[in-house]
Structures are given as structure tokens and as C-alpha cells.
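All values reported here derive from a predicted model rather than from experimental measurement.
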Amino acid sequence: MPLPLAPIAAFAIRYGSVAVATYAFARSIERGRRDQRHEDALDDAPEGVTARRDNEQVNATARMRRVIRFGDAGPGIEIDAVSLTRIRFRKV
């Protein structure tokens, strides 16, 4: 019995095109840089969610710090997720 190549070819073309598009997108992204001033601002953010509103802009921060352990005395991983947001409104 011959192997049906049409379904396999359609599958390969579909996922191959997704892989090529993902690779091209990943190559087009500029490599980020590390700025110590930004790192210090992220370290100073309080845990929880905060928001501040002025006349022309809104600032918000969110921070979540958790420790996950594998087993009772096993190794642990600390997760520290911080988000700083600024939305500015200006008349032009």
C-alpha cells in the first residue's frame, strides 16, 4: 500500500511556513540593552498594584514576587515579575 504523501506534504508546508515566518520575525527584532537605571527602578517598585493619575498622564506599577519549591526541602525558584506603565495624553 503506497504512503499517502498529499496529507503529509500539506502538513509540512503549513508548519514549515510558520517556522520560517517565526524565524524571520525573531531575526528582525532588535537586541535589547540593559540599563542600570531601569534595573534600579524595577527593584524599587512596591509589591502589588499601584496607580497614580495626574492631569496629563497616568502611571501604574504591578509587582509579584513568589518562591516556588519542588518538594518540602527541595530546590526553589524565585519569580519576580514587574511591570511599569505610563500612558500620556497630549493635545496636538
Side-chain angles (χ1 to χ4, degrees):
M1 181 169 156
L3 184 66
L5 292 179
I8 295 172
F11 178 81
I13 289 171
R14 182 183 321 152
Y15 288 103
S17 63
V18 169
V20 168
T22 303
Y23 177 75
F25 178 71
R27 294 286 297 190
S28 68
I29 295 175
E30 181 181 339
R31 184 180 170 118
R33 61 176 197 256
R34 181 177 294 176
D35 188 353
Q36 190 59 43
R37 295 173 300 165
H38 297 158
E39 293 289 325
D40 292 339
L42 293 174
D43 289 339
D44 291 341
E47 190 165 353
V49 177
T50 65
R52 177 179 171 189
R53 182 176 159 193
D54 292 332
N55 289 336
E56 62 272 347
Q57 73 182 26
V58 177
N59 298 334
T61 64
R63 183 174 196 168
M64 180 189 78
R65 294 176 72 180
R66 300 291 182 262
V67 175
I68 298 174
R69 294 218 174 264
F70 301 105
D72 292 333
I77 297 174
E78 181 183 15
I79 300 173
D80 186 3
V82 181
S83 172
L84 300 175
T85 305
R86 177 181 72 183
I87 301 172
R88 185 183 303 180
F89 300 101
R90 222 175 0 166
K91 285 185 180 180
V92 290

Using distance only, find each side-chain donor-acceptor pair of residues 17-31 under 3.5 Å and give its atom names and separation, not counting sequence neighbours.
from: S17; atom 1: OG; to: I13; atom 2: O; distance (Å): 3.1
from: S17; atom 1: OG; to: R14; atom 2: O; distance (Å): 2.7
from: T22; atom 1: OG1; to: V18; atom 2: O; distance (Å): 2.8
from: S28; atom 1: OG; to: F25; atom 2: O; distance (Å): 2.8

Residues two or more places apart in sequence or in another chain: which of them pass side-chain contact (heavy atoms from CB on, under 4.5 Å) with [X]?
{"X": "R86", "result": "Q57, N59, R88"}
{"X": "V67", "result": "R69, E78"}
{"X": "Q36", "result": "E39, D40"}
{"X": "I77", "result": "F70, I79"}

TODO: Could I get the full list of side-chain hydrogen bond (donor to acceptor under 3.5 Å, both in side chains) partners for T50, not counting sequence neighbours?
DONE: T61
Task: side-chain hydrogen bond (donor to acceptor under 3.5 Å, both in side chains) partners of D43, counting only residues at least two apart - done: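 If we apply the side-chain hydrogen bond (donor to acceptor under 3.5 Å, both in side chains) test to D43, skipping adjacent residues, there are no hits.
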Task: Contact list for residues 45-59, test salt bridge (charged side-chain N to carboxylate O under 4.0 Å, His left out), sequence neighbours left out - done: E47-R66, R52-D54
- [ ] Taking ring-ring contact (aromatic ring centres under 6.0 Å, His included) as the test, write out the residues that go with F11, two or more places apart.
- [x] Y15
TODO: Each residue besides L42 in its hydrophobic cluster should be listed here, by chain and number; the cluster joins Ile, Leu, Val, Met, Phe, Trp and Tyr at side-chain heavy-atom distances under 4.5 Å.
DONE: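 V82, L84, which link up through side-chain heavy atoms under 4.5 Å apart, make up the rest of the cluster.
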